[in-house]
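Here is the structure we will look at.
As the structure lists them, so they are numbered: ligands from 1, and atoms in each ligand from 1.
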Amino acid sequence: MASYTASQRYLSTRGGSYNLSFEDVVLKGLASDGGLFIPEEIPSPPSDWASRWQNLPFEELAYEIFSLYVSPAEIPFADLKDIIHRSYSTFRTKDVTPTVTLDKEKNIHLLELFHGPTFAFKDVALQFLGNLFQYFLARRNQGKAGRDREHLTVIGATSGDTGSAAIYGLRGKKDVSVFIMHPSGKVSPIQEAQMTTVMDANVHNLAVDGTFDDCQDFVKALFADPEINKTHRLAAVNSINWARILAQITYYFYSYFNLICQPSFLPASTVRFVVPTGNFGDILAGYFAKRMGLPAEKLVIATNENDILHRFWQSGRYEKKRVHGTAAEGGIPEDGVKAHEDGVKETLSPAMDILVSSNFERLLWFLAYQVYSSESDATEKRRATAGEHVRSWLNDLRSKGGFGVDADILKAAQVDFESERVTDEETLATIKSVFTMTAGHLSHGYILDPHSAIGITAAYRSAERAQSSSTHHISLATAHPAKFSNAVEAALHGESGYSWSEVLPQEMQGLEDKPRRVSHVQKSSGWQGVRKIVIAEVEAERQAAEKAPK
Ligand SMILES: *Cc1c(COP(=O)(O)O)cnc(C)c1O
């Protein structure tokens with residue numbers, strides 16, 4: 001039982017909104033000034049957290065952390081506990097996010113985040129977000145019937161991982177409809193099957209005969225449409241939603257506690273976290289953990305060839321680059337960037353193929369707060385100054401395609417973070433070398449998915465730089481290899497001891513033969529065509545709910 005209470009409020013990174021509640025920021029997603037929500041203060045855990053939290057099971061640790069960010073006046077402790085329990089009892093392992101040692105000699109460990117319903121790390125956050133939505137709506141709808149009930153319509157576009165995790169987070173949730181658009185025939189067969197075989201009445205898959213960009217354009221147009229906003233409460237579940245960042249803080253602490261009780265972790269040992277990064281949501285949770293007191297020496301950003309973040313940490317310039325290709329799920333609708341004007345490179349790690357990293361804006365705010373004001377300034381003024389800087393940077397990003405920061409900002413960013421860029425070729429080489437190396441001492445070789453392989457490649461480079469055998473690396477494994485057959489096959493086909501059929505977990509076997517529910521949308525029918533479908537299907541759902549026996 002937490003004996004401390006928090007009354008946490010939230011503000012926007014661009015200075016426009018203050019003093020919002022957790023419920024406000026979760027339901028809104030994006031601030032009305034276009035900024036992202038952050039807590040007014042990064043809370044400090046109780047002074048004895050290191051001993052008090054060390055042996056807690058995952059759910060209890062999550063509870064301790066979340067209750068520092070969510071006021072009990074908003075969600076009573078018992079309810080928060082229940083939401084957490086419902087979110088993590090869907091995971092296949094008791095540990096929820098176990099840590100395994102990959103290389104004893106080099107002290108390289110993997111934090112496995114893929115034991116949730118869709119086998120991707122996004123489940124950790126989206127299972128929680130789905131239950132939060134349901135909780136808030138149930139409370140708002142108490143004693144209400146029929147059309148008086150508030151209804152949430154979640155709309156998103158996906159090129160793979162986000163869509164399936166969102167669908168599994170929201171399936172069957174009362175008073176919530178979810179519409180996920182994907183480019184027809186352009187997501188991996190497993191991911192398409194994961195999404196479209198979900199039969200819950202509130203789940204609506206829309207296959208668009210276009211690209212991911214077309215789907216994203218439809219989503220943006222709907223969010224900007226005054227008409228549907230008058231009749232429907234639209235919500236987004238993309239990685240800018242604050243609840244997703246919050247949910248991800250837990251496993252940094254959990255994994256740290258796992259590590260320090262191992263005999264190889266000596267009193268003088270230090271730990272670095274390595275994070276395969278796209279939209280900067282996962283690693284931002286690590287930053288919050290570090291600011292809360294987690295003794296992580298560094299957070300290492302691992303990018304693929306879409307390396308805007310890596311280039312920033314090298315140069316202090318945050319700039320889009322013109323290359324050809326299609327974009328994967330970036331932040332909807334937080335930036336006005338049209339992916340097809342600037343394009344990103346298609347790589348073997350598609351969940352990290354991004355043009356700009358939406359959550360980076362949150363880090364920028366904290367850096368500006370720290371660098372452009374001092375402790376002696378009034379807090380209100382410090383916040384306003386930080387917001388002004390962020391607004392001006394983001395304006396330059398939109399109008400000029402990039403911006404540069406002062407040396408002091410870059411220096412501050414380098415205190416907590418380092419970065420590494422990993423190519424497709426290196427990704428494949430790592431999948432292969434890790435398989436061969438571990439085949440020697442595990443019962444069979446460890447198979448990394450391409451995203452996790454980027455993290456491990458970066459971890460080895462960081463270990464090389466650290467040159468101290470007491471440095472441990474925890475690298476985040478963000479997806480199960482079965483979701484990315486092309487990369488795994490390309491790396492391991494013909495290796496002795498490897499067979500694809502053994503990669504596929506039981507839950508995914510036969511998935512592709514199950515019945516599917518999906519509507520096809522012609523690109524030519526435009527976003528207005530999508531609007532028609534959304535309105536009609538929400539209406540049908542609500543009518544059915546009214547007829548259902550109470
Ligand atoms: C989303 C995703 C990432 C990137 O995470 P961010 O929070 O966007 O940085 C990495 N790997 C996989 C498998 C993902 O689905």
Side-chain angles (χ1 to χ4, degrees), residues 36 97 110-126 129 156-169 187-188 190-191 194-195 212 237-249 251-252 273-288 299-304 306-310 312 327-332 334 344 347-363 417 419-420 422 427 431 448-458 475-488:
L36 275 59
T97 61
L110 264 181
L111 167 52
E112 293 184 339
L113 302 175
F114 51 74
H115 297 287
T118 74
F119 294 80
F121 99 94
K122 290 184 171 68
D123 288 327
V124 178
L126 282 162
L129 184 60
T158 191
S159 57
D161 264 347
T162 301
S164 36
I167 286 170
Y168 276 77
V187 301
S188 84
I190 281 279
Q191 287 178 322
Q194 274 186 323
M195 293 193 281
F212 170 72
V237 291
N238 48 339
S239 76
I240 53 144
N241 196 301
W242 165 251
R244 288 186 56 178
I245 309 292
L246 174 60
Q248 291 163 185
I249 297 175
Y251 48 69
Y252 285 90
F273 285 90
V274 185
V275 188
T277 296
N279 254 327
F280 206 74
D282 200 359
I283 197 161
L284 186 77
Y287 174 75
F288 274 86
L299 301 164
V300 181
I301 301 157
T303 76
N304 64 21
N306 297 293
D307 59 352
I308 185 167
L309 289 166
H310 178 63
F312 174 82
E329 39 222 288
I332 312 151
E334 63 273 24
V344 302
T347 71
L348 292 172
S349 41
M352 291 157 60
D353 289 347
I354 47 92
L355 193 63
V356 295
S357 301
S358 3
N359 280 294
F360 182 54
E361 177 168 345
R362 286 185 161 116
L363 177 67
F417 297 90
S419 74
E420 292 288 348
V422 178
T427 305
I431 295 175
L448 293 166
D449 100 287
H451 306 80
S452 310
I454 285 179
I456 288 296
T457 312
S475 191
L476 277 56
T478 51
H480 190 283
K483 299 193 81 169
F484 298 97
S485 58
N486 57 341
V488 172

Non-hydrogen atoms of [X] and [Y] that approach each other most closely:
{"X": "G278", "Y": "L309", "value": "O-CD1, 4.1 Å"}
{"X": "H310", "Y": "S419", "value": "ND1-OG, 2.6 Å"}
{"X": "T97", "Y": "V124", "value": "CG2-CG2, 4.3 Å"}

Just need the protein heavy atom nearest to [atom], so name the residue and atom and give the distance.
{"atom": "atom 11 (N) of ligand 1", "result": "T478 OG1, 2.8 Å"}
{"atom": "atom 8 (O) of ligand 1", "result": "N279 N, 2.7 Å"}
{"atom": "atom 15 (O) of ligand 1", "result": "K122 NZ, 2.4 Å"}
{"atom": "atom 7 (O) of ligand 1", "result": "D282 N, 2.9 Å"}
{"atom": "atom 9 (O) of ligand 1", "result": "G278 N, 2.8 Å"}

Does even one non-hydrogen atom of S239 get within less than 4.0 Å of ligand 1?
->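 So S239 does not count as touching ligand 1.
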
Check whether any N or O atom of D161, backbone or side chain, sits under 3.5 Å from an N or O atom of ligand 1, and answer yes or no.
->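 N/O-N/O distance under 3.5 Å: yes.
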
Has the side chain of T457 got a donor or acceptor atom that lies under 3.5 Å from a matching backbone atom of G455?
->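 Not at all, since once roles are kept as given, no pair shorter than 3.5 Å links the two residues.
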
Donor-acceptor contact present, side-chain N304 to main-chain S349, <3.5 Å | yes

Show the atoms of ligand 1 that are less than 4.0 angstrom away from any heavy atom in [X].
{"X": "M352", "result": "10 (C)"}
{"X": "T277", "result": "9 (O)"}
{"X": "A479", "result": "13 (C)"}
{"X": "P276", "result": "4 (C), 10 (C)"}
{"X": "G281", "result": "6 (P), 7 (O), 9 (O)"}

Heavy-atom side-chain proximity of N238 to T162 below 4.5 angstrom |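 No, their side chains stay 4.5 Å or more apart.
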
Measure the shortest side-chain to side-chain distance between I167 and Q194 over non-hydrogen atoms and say whether it is less than 4.5 angstrom.
-> no

How far apart are the C-alpha atoms of I301 and F280, what are their side-chain angles, what is the distance that settles it, and do they pass the side-chain contact (heavy atoms from CB on, under 4.5 Å) test?
-> CA-CA 9 Å; I301 301 157; F280 206 74; 4.0 Å; yes

So, Y252 versus F288, ring centres under 6.0 angstrom or not?
->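 No: the rings miss the under 6.0 Å criterion.
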
Side chain, backbone, both or neither: F280 near ligand 1, heavy atoms under 4.0 Å | backbone

